[in-house]
**Q** 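Structure below; questions to follow.
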Amino acid sequence: MGIGGCILVFAAGAVLAFGVDWHVKGIDIPVVGVILMIAGLLGLLTYSAVLRRRRLLVDRAPDAEIVEERHYRQDY
């Protein structure tokens, strides 16, 4: 799940937690919303940590010499 998916889960949780006054027997809708908000936030933090680690690995890569090989074929 990318950044957009995490934000979408967080927003859906916020709507359920603060913007809905439905009453379903056996399910506490605001608690479900808070759980979705926490899941979205954890997903966003995890994704950003992985993305930051990838950037650090790319930035610290040693400068490698680029070698280009060309193969010519003569058809006589």
Side-chain angles (χ1 to χ4, degrees):
M1 181 168 34
I3 293 175
C6 293
I7 292 173
L8 182 69
V9 169
F10 186 85
V15 168
L16 288 177
F18 304 116
V20 175
D21 60 352
W22 298 335
H23 299 286
V24 178
K25 187 175 183 179
I27 298 175
D28 194 6
I29 299 293
V31 172
V32 172
V34 170
I35 291 171
L36 285 175
M37 288 174 57
I38 292 170
L41 185 62
L42 287 176
L44 189 62
L45 292 174
T46 304
Y47 185 80
S48 64
V50 168
L51 188 63
R52 182 177 57 227
R53 188 173 3 151
R54 285 183 189 169
R55 286 183 184 166
L56 289 176
L57 290 176
V58 169
D59 291 342
R60 292 183 183 175
D63 295 330
E65 182 179 338
I66 298 174
V67 177
E68 182 177 327
E69 294 184 17
R70 293 187 182 186
H71 300 281
Y72 295 100
R73 189 176 136 201
Q74 295 178 353
D75 294 328
Y76 289 90

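One is the number of the first residue; the rest follow in order along the sequence.
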**Q** Heavy atoms only: give me the nearest Phe10-Met37 pair and the separation to one decimal.
**A**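 Between these two residues, the closest heavy atoms are CD1-O, 3.2 Å.
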**Q** Distance check, rounded to the nearest 0.5 Å: Ile7 atom CD1 versus Leu41 atom CG?
**A**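 Ile7 atom CD1 to Leu41 atom CG measures 11.0 Å (nearest 0.5 Å).
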**Q** Other members of the hydrophobic cluster containing Leu42, with the 4.5 Å side-chain heavy-atom rule, please.
**A**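 Members besides Leu42, by chain and number: Val34, Ile38.
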**Q** side-chain contact (heavy atoms from CB on, under 4.5 Å) with Leu16: which residues, sequence neighbours excluded?
**A** Val20, Ile29, Val32, Leu36
**Q** Once side-chain contact (heavy atoms from CB on, under 4.5 Å) is applied, do any residues pair with Arg70, and if so which ones, sequence neighbours excluded?
**A** Glu68, Tyr72
**Q** Remaining members of Ile35's ILVMFWY cluster at a side-chain heavy-atom cut-off under 4.5 Å?
**A** Val31
**Q** Which atom names give the shortest non-hydrogen contact between Cys6 and Gly43, and what distance separates them?
**A**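 Looks like SG-C, 3.3 Å.
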